[in-house]
Amino acid sequence: MELTGWGRYPRFEAEVIEPSSRLDAIHRQGGLNGFVPRGNGRAYGDAAIGMTSCLCLRKLDRFCRFDETSGQLTVESGVLLADIIAEYLPRGFFPPVVPGTKLVTIGGMIAADVHGKNHHCASSFGEHVESLSLALPSGKAVMCSKAEFPDLFEATIGGMGLTGTILQATFRLLRVETGWIKQHTIVAGDLAAALAILSKHDDASYSTAWIDCLAKGSALGRSLIYLGEHATNVDVETLKPGAPRTPPPRTRRLSVPLDLPHFTLNSWSVAAFNEIYYRKGISSAGKPFLNETDSFFFPLDSVQDWNRIYGRRGFLQHQSVVPAERAHAAFGEILGRVAKRGNASFLAVLKKLGASSRGLMSFPSPGFTLALDLAIDNGIFEFLDDLDRLIAAAGGRLYLAKDARQSRATFEAGYPNLVKFRDVRRQIGARDRVASRLSERLGI
Ligand SMILES: Cc1cc2nc3c(=O)[nH]c(=O)nc-3n(C[C@H](O)[C@H](O)[C@H](O)COP(=O)(O)OP(=O)(O)OC[C@H]3O[C@@H](n4cnc5c(N)ncnc54)[C@H](O)[C@@H]3O)c2cc1C
């Protein structure tokens, strides 16, 4: 069948194999060549599209063990983050790291070593994984952890599925008093202010900035900074007296039923949206308020199939990280070019990242990360190639889970552990057997 990532570019045919159990997955994988594991298809580009086939893990969705005292949870790799939150948040537990959508599998979260709004203090998801069970291309399954097969463990965290199939994982949930987030919004008039505010609020558990990337001149990089903490019982009593300990789950989701024509999203419609959004942010700034966990962490999930607003041609996300001291120059240049080009980026997010993660191929490294969604139009590939050169010159890299198009040169410049990663792949016989469109494109 035809497969894409969330950005709906590129499109490739691949066979989809859906094992029904861990044993079945080990068995089916044994006979495949040119396959890659696939979770819920939320990587934007070609990471979860196999050269010939995909081993789709969504049916490995069992909760295996939970220890209420320590918060330690063991689940199969196809369990959705959304299901973990639905089960455990009402019981006072929350995952240690969550990305911007909860419609991802645990296997996908480990393979991309996802980061959240708390990377500056909590690192990425892989750092919280205590052990995982991995089906090797040879058809053997092994347990990996810091103590057992540490090289394989480090290669699998952030390894984009290229070391085999994660079958099951154990990690620890955080204890939280309520299911609310105490949110605080700060307005930043330009990029320098946004970077300074994110740095100053390093002590906030969660922080992120929404950038109005059509703002130009002295307003270039103007942003709304969102800070958040898990609300305590006292916070709920003070800010929302009488509210339940956990907000009731949302029952209604808006949806985008059709591919919208490509002219729907243009610099005028996005500029109008940004202006309204920014003004609304200004009016709520300064006073803390209680936000629902879903609205704070996963605002885009409230619109089903929102990727269709970019039309059938699809869209690209350009997510980079650069060291803190280069962020102002590099991101200022990028935002200036985006604003000048007028290619509407509906979503532009800036975050501060903390120490490097343990995965050999993990994306996060100390500094700031900027993510821009851009519709596919004439000239966009050349435009992004130029941005890649800026990022490489600033000592940065692009995130593989968002990538659909970077060149080998950009990739190799950004991932110094590539040689070691290739070695691990060779040792376990993955080099010829496990191959995605991404790994072929980048020569991994
Ligand atoms: C709206 C949105 C917001 C996002 N926000 C963030 C964010 O804030 N931070 C962030 O880090 N990421 C973010 N992402 C990216 C997303 O978290 C990752 O791409 C994640 O890997 C998707 O999980 P998935 O289950 O859909 O995996 P897929 O997209 O199906 O696969 C992703 C990769 O994981 C591998 N994989 C999947 N399952 C397994 C398995 N069982 N064993 C081995 N390998 C496997 C695949 O081979 C592939 O390389 C976002 C994505 C979207 C759509």
Side-chain angles (χ1 to χ4, degrees), residues 3-8 14 16 19 22 25 29 35-50 53-61 75-82 97-119 123-126 132-137 144 155-169 206 208 297-307 315 317 319 321 346-347 349 351 353 357 359 361-364 369 371 373 399-404 430 434-439 442 444:
L3 289 179
T4 71
W6 185 246
R8 304 171 78 211
V16 174
R22 279 173 266 161
Q29 174 177 299
F35 82 97
V36 82
R38 184 173 171 101
N40 208 31
R42 254 49 184 190
Y44 277 63
D46 49 4
I49 308 177
S53 55
C54 284
L55 200 66
C56 181
L57 281 315
R58 283 289 286 112
K59 288 190 180 154
L60 268 65
D61 60 356
V75 293
E76 287 186 336
S77 62
V79 165
L80 283 181
L81 179 63
V97 169
V98 296
T101 171
K102 60 178 178 174
L103 301 173
V104 290
T105 63
I106 290 301
M109 286 173 68
I110 298 171
D113 194 14
V114 298
H115 57 277
K117 295 176 173 58
N118 55 353
H119 190 273
S123 193
S124 48
F125 188 70
L132 54 86
S133 133
L134 182 73
L136 296 172
C144 309
T156 301
I157 291 172
M160 302 308 292
L162 298 171
T163 57
T165 302
I166 301 163
L167 301 169
Q168 182 181 293
Y206 301 99
T208 188
F297 289 107
F298 319 114
L300 293 167
D301 286 350
S302 60
V303 183
Q304 199 175 339
D305 298 328
W306 64 261
N307 53 350
F315 69 109
Q317 184 167 108
Q319 181 169 1
V321 57
F346 202 48
L347 194 79
V349 175
K351 287 186 228 178
L353 299 182
S357 305
M361 300 298 284
S362 291
F363 164 73
T369 175
D373 282 359
Y399 188 10
L400 294 177
K402 307 289 180 71
D403 179 42
V434 191
S436 60
R437 292 285 169 179
L438 175 131
S439 70
L442 298 177
I444 303 175

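All values reported here derive from a predicted model rather than from experimental measurement. Order of appearance sets the numbers: ligands from 1, and atoms from 1 within every ligand.
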Exercise for review: Could you check F298 against W306 for ring-ring contact (aromatic ring centres under 6.0 Å, His included), going step by step and ending with a plain yes or no?
Suggested key: CA-CA 13 Å; F298 319 114; W306 64 261; over 10 Å; no

Point to revise | side chain to side chain donor-acceptor pair (under 3.5 Å) assessment of S357 paired with S362 | key: CA-CA 6 Å; S357 305; S362 291; 4.7 Å; no

Using a 3.5 Å cut-off and no angle test, enumerate the donor-acceptor pairs between side-chain atoms of residues 159-166 and protein atoms at least two apart in sequence or in another chain.
{"unit_1": "T163", "atom_1": "OG1", "unit_2": "T156", "atom_2": "OG1", "d": "2.9"}
{"unit_1": "T165", "atom_1": "OG1", "unit_2": "Q29", "atom_2": "OE1", "d": "2.4"}

Check your understanding: When rounded to the nearest 0.5 angstrom, what is the spacing between CG in L3 and OG in S53?
Key -> 10.0 Å

Study note, to complete from the structure: Counting only non-hydrogen atoms and a 4.0 Å cut-off, the residues near ligand 1 are W6, V36, P37, R38, G39, N40, G41, R42, A43, Y44, A47, A48, L57, S77, P99, G100, T101, V104, T105, G107, G108, A111, A112, V114, H115, M160, G161, G164, T165, I166, W306, K351, Y399, A401, K402

Exercise for review: List the atom of P19, the atom of L57, and the distance in Å for their closest heavy-atom pair.
Suggested key: CG-CD1, 4.2 Å

Study note, to complete from the structure: From the list L353, V114, D403, L400, side chain to side chain contact (heavy atoms under 4.5 Å, CB included) with F363 holds only for L353

